[in-house]
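To start, the structure itself, in structure tokens.
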Protein chains: 2
Amino acid sequence: MTPGGIPPEPDAPAVAHWNRGVLRSHNERVLLDRVRAAAPISRAQLARDTGLSKPTVSTALEALERAGLVRPVGLETGARGRAALLYEPDPTAGYVVGVDVGRSWIRVAVADLDGRLLARQDRHNRARTSATMLATATDLARTVVADAGLEPTAVVHTVIGCPGVYDRAADRIRYAVNLPGWGRPGLRGRMEAALGTTVEIVNDANLAALGEYHGGAGVGCPLFVYVTVGTGLGMGIVADGRLFPGAGGAAGEIGFLPLSPRPSDRVGHGASAPVPRRGMLEDAVSADAVVRGARALGMTGPLTAKAVFDAARRAEEPAASAVRHEAQRLAHVVASVAAVLDPELVVLGGGIGANADLLLGPMTAELHELTPLRPRVAASVLGEEAVLLGAVATAVATARDRVFTHHTMGQG
Amino acid sequence: MTPGGIPPEPDAPAVAHWNRGVLRSHNERVLLDRVRAAAPISRAQLARDTGLSKPTVSTALEALERAGLVRPVGLETGARGRAALLYEPDPTAGYVVGVDVGRSWIRVAVADLDGRLLARQDRHNRARTSATMLATATDLARTVVADAGLEPTAVVHTVIGCPGVYDRAADRIRYAVNLPGWGRPGLRGRMEAALGTTVEIVNDANLAALGEYHGGAGVGCPLFVYVTVGTGLGMGIVADGRLFPGAGGAAGEIGFLPLSPRPSDRVGHGASAPVPRRGMLEDAVSADAVVRGARALGMTGPLTAKAVFDAARRAEEPAASAVRHEAQRLAHVVASVAAVLDPELVVLGGGIGANADLLLGPMTAELHELTPLRPRVAASVLGEEAVLLGAVATAVATARDRVFTHHTMGQG
DNA sequence: GGCGATTAGTTAAGGAATTTTACTTAACAA
DNA sequence: TTGTTAAGTAAAATTCCTTAACTAATCGCC
């Protein structure tokens, strides 16, 4: 862009070419996607939808059926003309496992390629070392696969959701402060060996976001964020149906938002009130903060965040104030995210976020005072299931791709 | 993702199918891209790079040459064997105009498809109405095109950078607080009529970000943000070489970051120091804030931000403190952005950002105290040229696509 | 129940674009 | 001058899509 012009990219990867053979498989893929989107559907309808000719559709569907990716499901009757043979995707072409490794629970589910859950189990996570936690998870996974009546080899892919950021290069998890030992390297390799499938490790907030995208509050939304507030604070960003991971996989780690500018920042505004604490937003917004706030306002006894919210729901006063303050702090978070990302929607989840009935109103009001950029704020639809369902949805997407690729490879 | 499974997307857009004609044009596109990336290059080398066969490459290159998109440049000699005929993209296949409409300057440049600047002019922006500003810009554009010795019809595309967010649906600019009248609807239509080319209107910070990506501090960086600090505060996000616009085009409007939580937010932290002002970060970080800060620290006289930085550069004390405070506030901005986006790099630009020699050190130090997510921070390479060069680069990208598409259409 | 209309799916021919194979052309070196 | 190496081209073979015509099956109607 200097007067010398835009420099050529020196090692631009040779773009994939499309020699013959690829054309065929691309059209097969288009048809498979269409079958998945509009099943049950006839060949003639597929031809109309995709613009491909009837013979092409027929031969491609034959190949897909031979590969076990689609199957006939019945005849369309009632309309004029010859009855159409209807096809649907064959969900038994592969199975997936989704795992949610949380601080207190480990949840595992098996699903087919339709995303239908075939079996699931939840188990208390009492393990406090990486090794036992891993053993619990793999044991549970094997059990659930057996429960579903499947051979372990039928499972194509496993997605595991957990706190922290998975560093693919180092094969270890970073920032997983609440899971002791979980940051030990080699986690993924050990999981793959133990389960006999490929394994993907994804931040739990990110998976929850994907869960809400595929079947929750964010369905079809081109850009939204999922904010989870509980013992911690996290966020997942979904743009056009895909995660926005950031350069190091740490996008959405809003627990690290700086709480406030330094005291001296207010120089020039005529005040120099000292701000007592600089630190992470997480401390100010998570469940503990709600309890601290309630105590400071006069509540006593062995408090939990749930108790505060329950009291507020009964309109008891110090609690209601504490909740209002929490809503204002959350509005601050939403305003910050809106200024950077401009999402269309913010979905609120997690233990605190589940009290959306109390929070959404004051949050919206506060947002109007804070910023002109005001995304819609909605409650999570999936609740505690979001991570697990997001893991399954992610695994399904990968597996669908995998079985198709495998099919085209096999064809030669 | 309920037990019923992942619901099919009801109106999934039918993916475009590919017949063999599409294959032809796709291969031509691949070859053209490769010529652009690795020019000068021979047909045989193209065949090796793309995996296409030599005859395919030959016929495709013939077509591209007939269309004026590539041209032979000479012979590769010196190696063993027959000398290879080398090809390069033909930059005269089309020309583009880039415009930077700023608060005090309007800059216009003409470039060829290589991004080489052929002519440019800057003119003081004295206009204070939308109509005169538009007249100045179009007049300047016509002049510059003539300066370059081009027919107006040779210009394929024009990109205009200006403050605010362009709302395509309403064909008007929003949030352009510093350009009076600029928010009037119909701007783009009038520009297209006046210039006789397609016109694209993009936020100036976003264009500066793209400029730095194509030929500045962000070259090749998969995810970085450009933060411009001057009379205002803005940011552009570039992910994989493309802008991240947000749902409403307002991503990166970090001027709207909430300055600090409400006073009551600090409930539970044992302090209730009132924060005197809630508002936008823009006021606290822009040039005016530097002046305000310096005054509060004791500087007197008719101050400008530049004067404060110059004094600080001479190590004069109140000024140096004011600059340090500015650096801390900017670190706060970077930390906020890092927590949400996790960029690999933050490029600092704009009038204040240009003083990176003074700011980068204290900013880095403050970042280390604020957050564990610490992107690299670097100074803008393009300086005041960033917006204009970004506009040109964006226009070149669009024009390259346009001329190719036009060529394949013309072929039938 | 038979017949026409209508729609689904198949077969055969034709065509577009690619690859393979074999050849020619051109540069350098011994 | 001759041999070697690599670039580029010509012709035939291959792939796979489309068009067009045909068969098949279902419904409505007489």
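A note on names: the letters A, B, ... follow the listed sequences, proteins ahead of strands, and every chain is numbered from 1.
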Revision key, fill the gap. The nucleotide from D:dA11, D:dA7, C:dT18 with an atom nearest the side chain of B:Leu23 is C:dT18

Practice item. Could you check how far CZ of B:Arg24 sits from P of D:dC16, rounded to whole Å? Key: 18 Å

Revision key, fill the gap. Walking DNA chain C from its 5' end, the first of B:Ser53 and A:Leu85 to be reached, judged by nearest nucleotide, is A:Leu85

Point to revise | Whole-Å distance separating the CD atom of A:Glu76 from the C1' atom of C:dT6 | key: 14 Å

Practice item. Would you tell me if any nitrogen or oxygen in the side chain of A:Ser58 comes within less than 4.0 Å of OP1 or OP2 on C:dG9? Key: no

Review point. Will you find, in the side chains of B:His157 and B:Thr198, an N or O donor that is under 3.5 Å from an N or O acceptor?
Key: yes

**Study point:** A:Asn27, nearest nucleotide to its side chain (from D:dT19, D:dC17, C:dT18)
**Key:** D:dC17

**Study point:** First encountered from the 5' end of DNA chain C, between A:Gly81 and A:Ala44
**Key:** A:Gly81

**Study point:** Residue met sooner reading DNA chain D from 5', once A:Ala83 and A:Ser25 are mapped to nucleotides
**Key:** A:Ser25

Check your understanding: To the nearest Å, how far apart are A:Leu52 CG and D:dT19 P?
Key -> 11 Å

**Study point:** Between P of D:dG8 and CD1 of B:Ile41, the distance in whole Å
**Key:** 11 Å

**Study point:** d(CG, B:Leu46; P, D:dT9) in whole Å
**Key:** 13 Å

**Study point:** Distance test, side-chain N/O of B:Thr59 to OP1/OP2 of C:dA17, below 4.0 Å
**Key:** no

Practice item. Tell me which nucleotide among D:dG8, C:dT20, C:dA8 gets nearest to the side chain of B:Ala84. Key: D:dG8

Practice item. Tell whether A:Arg82 reaches the base of D:dA25 with its side chain through a donor-acceptor pair below 3.5 angstrom. Key: no

Practice item. Specify the residue among A:Leu75 and B:Arg43 whose closest nucleotide of DNA chain D lies further upstream toward the 5′ end. Key: B:Arg43

Check your understanding: With respect to B:Thr50, which candidate in B:Asp33, B:Asn27, B:Thr56, B:Leu31 satisfies the side chain to side chain contact (heavy atoms under 4.5 Å, CB included) definition?
Key -> B:Leu31

**Study point:** Atom-to-atom span, CZ of A:Arg80 to P of D:dT26 - whole angstrom
**Key:** 16 Å

Check your understanding: Quick one: which of C:dT18, C:dG9, D:dG8 gets closest to the side chain of A:Ser42?
Key -> C:dG9

Practice item. Consider only side-chain N and O atoms of B:Thr92 and B:Arg71, and report whether a donor and an acceptor are under 3.5 Å apart. Key: no

Check your understanding: Please give, in whole Å, the distance from C:dA12 P to A:Lys54 NZ?
Key -> 16 Å

Practice item. Answer yes or no: does a side-chain N or O of A:Thr77 lie under 4.0 Å from OP1 or OP2 of D:dC27? Key: yes

Point to revise | Separation of atom NE2 in A:His26 from atom C1' in D:dC17, rounded to whole Å | key: 15 Å

Check your understanding: Angle class for the B:Phe244/A:Phe244 ring planes (parallel below 30°, perpendicular above 60°, tilted otherwise)?
Key -> perpendicular

